[in-house]
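Here the structure is laid out as structure tokens; the discussion comes afterwards.
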Amino acid sequence: MNLRDLYYDVRPFIPRPLQVVLRQQVAAARRKSVANRWPIDAGAALAPLSWQGWPDKKKFALVLTHDVETAAGQAKCRNLLDIDRAMGFRSSFNFVAEGYEVSAALRRYLADNGFEAGVHGILHDGKDFKSRQIFDRRAPKINRYLKEWQAVGFRAPAMYCKFDWLQELDIEYDASTFDTDPFEVGSITARTIFPFYVNAGANGKGFVELPYTLPQDFTLFVIMREKTLEIWKRKLDWIAEHGGMALMLTHPDYMNFNGDKALVDQYPAGLYEQFLDYVRSKYKDQFWNPLPKEIARFWRARTGGSSKNGNGSGNGHINVNGNGNGNGHINGNGHIKVNGNGNGHIGGNGKHGRIWIDLDNSPHVPFFRPVVEKLEARGFDVLLTARRCSQVCGLADKFEMDYHLVGQHHGKHKIIKAAGLFVRAAELAPLVLREKPALALSHGSRAQIIAANILGIPSIQVLDYEHSKHIPFVSTPKYLIVPEVLKDYYTRQHSVRFFTYPGIKEDVYVPFFKPDVSILNTLGLSREDIIITVRPPAVEAHYHRQASEELFEAAMDYLGAIDEVKMVMLPRYDSQEKFIKDRWPELFSSQKMIIPPKVVDGLNLIWFSDLVISGGGTMNREASALGVPVYSIFRGEMGEVDRYLSANSKLVMIGDDSDLRTKIRIVRRERPKYPENIGHAALDTLVDEVISLVKNGNGTNGVGK
């Protein structure tokens, strides 16, 4: 029995106030850990391909829906309807067919006033989709009420449904999903702020899915105990900015209309009224307010009401070809992933298998972004995990990557840091056991390798620095994939099985970079400035040397004294940012040094810089790949990749204070319109090796041993 079913089985025996308090405590504990995907999941903003916009060129669609869970809620429906109507809005009301006596007069009143009624299950007990037997008993009743009420829409109680079972219902649309709501256990996360068409089976009973995209009122005001509209307003503004569908789900049951002291599960109805006033005043004439059935018919006409096989047509379609139950998401191109028992592209391991990628540090995010896209295009399902470290989450959110946040960085104390690896490995284990990946892939995630070794999952480490250390037998991967420049080194390491790819790590993702000059305005920079991007040493890394810190401080003192220079500083940690601000306050007050207020695209910043100075490998190599002058103040043991770049005049090594003045050329660079095209050989070869290892257990290029 899953957690959701257990909750609904015991709920009748728990007093209502205690139910609310328990849910408040659980949500409070969970809220911080899901801040990267609630209330806004950046990945949900991707519009379907060929999207032409809403009718009459409206900026966004606003759909208002109200679920009526009890007889007491039904008694408040006219109050709520009067608010909608008085403010010029239309909405739908979904009734529990046999949970209370649904008023025929109220349904007629709704229809006569241009509103809509829908079916909200047979009983509000969360069991409609608990088993196929229960659903098969209830589906004919649901269809009977749909016909009797002349209704075309359905919403499952507790937001729990299964798309392939819904084909048994005579509906034009379903509204039982959401773009993001980690507080709804076991439901389908659509991960889109647009409708999508579901072709539910061979009988052709497709329907349009309408996910709610604004947080539920109960979640916001009862469970979260919010007192203002700020979250609703922020989410609405974000949806409007991306031209999506703002679908509201409220409950008259939980609204207090008379101003009396609210019960533990109530909130002032005036908050809802204030929200409508906010929409009406800020977005006058900019939004379309259809009924759910109207937006469903618009979407069905737009997509043709049919679906192609495979990953979706790109127009917001999905196919359901099996038991697609459990959690999942729809991406912006119409491809659904449902973690459960599915066939084809719905189900546990996709078409060819599931590959687990762990984002352990900031540079891993841009590196794996094209790798993930290429693997998914080749029919593989990707499980993506990330830890809270440096800018990992900020970059992953910026690039709209769908990941599970697991664990955090444990600082630079060696003993605590080593213990932290095993703590995070243990934190990763439950998710990995549930998702059952065929292979683990990372660019040096020791916690992933430990977890994979313990769980018996083959692991691949992509590596471009040969002096990186492993914990013997524990964090040693089964395979390595390295740049060709490291071939001779690893050939001498007789116990290591490795494969190679051409170029350097940065050649995997730099070819996809497109410059965006708006970054200069965003950071308050001018083309007249000599812009230097600076990345301090990784003081918490195992390979760090004190000499790197000393050279970094000398470089800042030297550059800070040059009039034309403006430095963009990219600290690695909060503690490092504080140190820099305390050490050079005059550079910040004069605006000669700035720290971006939010995560920026590192490649874009490098491209519009005149030179780069970095105490770590990745930014140096990114600059090299883009053809930007770059100077390394890294004082650890030099790797073969840096030696290769230095020998080819693509990287200048700074060894001491005197090199700062004699080797660094502080001049504006003449940049071409676009970077030199270096092709996709590195990415293609790397992905081919990973796929070959998944399928055969052996690489393709013949170097491995």
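- Listed by chain and residue number, Glu553, Asp557 satisfy the side chain to side chain donor-acceptor pair (under 3.5 Å) test with Arg583 (two or more places apart in sequence, or in another chain).
- The CD atom of Glu435 sits 4.5 Å away from atom CZ of Arg354, with the distance rounded to the nearest 0.5 Å.
- Judged purely by atom type and a 3.5 angstrom limit, Asp659 uses its side chain to pair as donor or acceptor with the backbone of Gly655.
- With contacts defined as side-chain heavy-atom distances shorter than 4.5 Å, the pair Leu431/Thr385 qualifies.
- No donor-acceptor pair closer than 3.5 Å links the side chain of Ser646 to the backbone N or O of Arg643.
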Worksheet item: side chain to side chain contact (heavy atoms under 4.5 Å, CB included) between Phe367 and Leu686: does it pass, once the steps are laid out?
Response: CA-CA 11 Å; Phe367 175 81; Leu686 188 147; 3.7 Å; yes

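- Under 4.0 Å is where a charged nitrogen must lie from a carboxylate oxygen, and between Asp656 and Arg661 no such pair does.
- Counting only heavy atoms from C-beta outward, the side chains of Ile193 and Leu46 never approach each other to under 4.5 Å.
- When all heavy atoms of Val508 and Pro370 are compared, the closest pair comes out as O-CG, 3.9 Å.
- Counted within 6.0 Å of CD on Gln286, heavy atoms from surrounding residues, nucleotides or ligands total more than 12; the atom is thus considered enclosed.
- Counting only distance, with no hydrogens or angles, the side chain of Trp356 and the backbone of Val382 share no donor-acceptor pair below 3.5 Å.
- Shortest non-hydrogen contact noted between Pro536 and Met569 is CG-SD, 3.7 Å.
- When the shell of 6.0 Å around NZ of Lys578 is examined, it contains 12 or fewer heavy atoms from other residues, nucleotides or ligands.
- For residues 506-528, every residue pair satisfying the side-chain hydrogen bond (donor to acceptor under 3.5 Å, both in side chains) rule, not counting sequence neighbours, is listed here: Tyr509-Glu622, Asp516-Ser518.
- The backbone N or O of Phe608 lies less than 3.5 Å from a partner atom in the side chain of Arg671, making a donor-acceptor pair.
- The two residues Leu405 and Ser33 come nearest to each other via the heavy atoms CD2-O, 3.7 Å.
- Between Tyr479 and Phe499, the ring-plane angle classifies as tilted under the 30° and 60° cut-offs.
- Every residue was checked against the salt bridge (Lys or Arg N to Asp or Glu O under 4.0 Å) condition with Glu564, not counting sequence neighbours, and none meets it.
- Tested against Leu523 for a side-chain contact (heavy atoms from CB on, under 4.5 Å), the candidates Ile594, Ile531, Ile595 yield a single pass: Ile594.
- Here Asp684 pairs with Lys374 in a salt bridge; the nearest charged N to carboxylate O distance falls below 4.0 Å.
- For Asp563 and Lys592, the salt-bridge test fails: no basic side-chain N is under 4.0 Å from an acidic carboxylate O.
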Fill in: side chain to side chain contact (heavy atoms under 4.5 Å, CB included) assessment of Ile613 paired with Ile664
CA-CA 9 Å; Ile613 297 176; Ile664 298 179; 3.9 Å; yes

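- Contact check on Glu484 versus Lys487 returns no salt bridge, with no Lys/Arg side-chain nitrogen under 4.0 Å from an Asp/Glu carboxylate oxygen.
- Ring orientation note: the planes of His242 and Trp238 are tilted relative to one another, at an angle of 30° to 60°.
- Nearest heavy-atom pair, Ser362 versus Leu395, reported as atom, atom and distance to 0.1 Å: O-CD1, 3.7 Å.
- Closest of all the heavy-atom pairs between Leu421 and Ala447 is O-CB, 3.7 Å.
- Aromatic ring centres of Phe60 and Tyr283 lie closer together than 6.0 Å.
- Between Asp360 and Arg424, at least one side-chain nitrogen of the basic residue sits less than 4.0 Å from a carboxylate oxygen of the acidic one, meeting the salt-bridge criterion.
- With hydrogens and angles ignored, the 3.5 Å screen pairs no side-chain donor or acceptor of Asn361 with any backbone N or O of Pro363.
- Counting all heavy atoms, side chain and backbone alike, Trp584 lies closest to Phe579 at CZ3-CE2, 4.4 Å.
- When atom types are taken as modelled, the side chain of Ser548 and the backbone of Phe634 share no donor-acceptor pair closer than 3.5 angstrom.
- For Lys581, the side chain to side chain donor-acceptor pair (under 3.5 Å) partners two or more places apart in sequence, or in a different chain, are Glu577.
- A salt bridge links Arg31 with Glu226: the distance from a Lys NZ or Arg NE/NH1/NH2 to an Asp or Glu carboxylate oxygen falls below 4.0 Å.
- Taking 4.0 Å as the cut-off between side-chain N and carboxylate O, Asp529 and Arg668 do not count as a salt-bridged pair.
- Although no hydrogens or angles enter the test, the distance criterion places no donor-acceptor pair under 3.5 Å between the side chain of Ser609 and the main chain of Val612.
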Worksheet item: After noting the C-alpha distance and the side-chain angles of Tyr558 and Asp657, does the key distance pass the side chain to side chain donor-acceptor pair (under 3.5 Å) rule?
Response: CA-CA 9 Å; Tyr558 168 60; Asp657 292 9; over 6 Å; no

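- Under the 4.5 Å side-chain criterion, counting only non-hydrogen atoms from C-beta, Leu359 is not in contact with Arg387.
- We find the NE2-CG distance between His443 and Asp358 to be 13.0 Å, quoted to the nearest 0.5 Å.
- Take Glu550 and apply the salt bridge (Lys or Arg N to Asp or Glu O under 4.0 Å) test, not counting sequence neighbours, and it matches no residue.
- For Ser459, the side chain to side chain donor-acceptor pair (under 3.5 Å) test picks out no residue, with sequence neighbours left out.
- Counting heavy atoms of neighbouring residues, nucleotides and ligands inside a 6.0 Å radius, atom CG of Asp574 does not exceed 12 of them.
- Atom CD of Gln591 has 12 or fewer heavy atoms from other residues, nucleotides or ligands within 6.0 Å.
- Expressed to the nearest 0.5 Å, how far CZ of Phe498 lies from CD of Glu689 amounts to 11.0 Å.
- Side-chain polar atoms of Thr618 and Lys505 form a donor-acceptor pair below 3.5 angstrom.
- More than 12 heavy atoms of other residues, nucleotides or ligands shown are found within 6.0 angstrom of NZ on Lys235.
- Separation of atoms CG (Leu375) and CD1 (Ile355) is listed at 4.5 Å; rounding is to 0.5 Å.
- Side-chain atoms of Asp601 come within 3.5 Å of backbone N or O of Leu603 as a donor-acceptor pair.
- In this structure, CG on Asp181 lies 11.5 Å from CG on Leu214, to the nearest 0.5 angstrom.
- Crowding of Lys478 atom NZ: a count of heavy atoms from other residues, nucleotides or ligands under 6.0 Å not exceeding 12.
- Listed for the Ser445 side chain is no donor-acceptor partner under 3.5 Å among the backbone atoms of Ser442.
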Item to complete: For Met401 and Val365, run side chain to side chain contact (heavy atoms under 4.5 Å, CB included): C-alpha distance rounded to whole Å, both residues' side-chain angles, the deciding distance at 0.1 Å, then the answer.
Response: CA-CA 9 Å; Met401 299 174 75; Val365 180; 3.6 Å; yes

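- Between atom CG of residue Leu441 and atom CD1 of residue Ile457 there is a gap of 12.5 Å, rounded to the nearest 0.5 Å.
- Judged by distance alone, the side chains of Asp179 and Thr192 never bring a donor and an acceptor atom under 3.5 Å apart.
- Annotation: side chain of Leu611 is not in contact with side chain of Thr533 (no heavy-atom distance under 4.5 Å).
- Other residues, nucleotides and ligands contribute at most 12 non-hydrogen atoms within 6.0 Å of the CZ atom of Arg665.
- Aromatic ring centres of Phe183 and Trp38: separated by under 6.0 Å.
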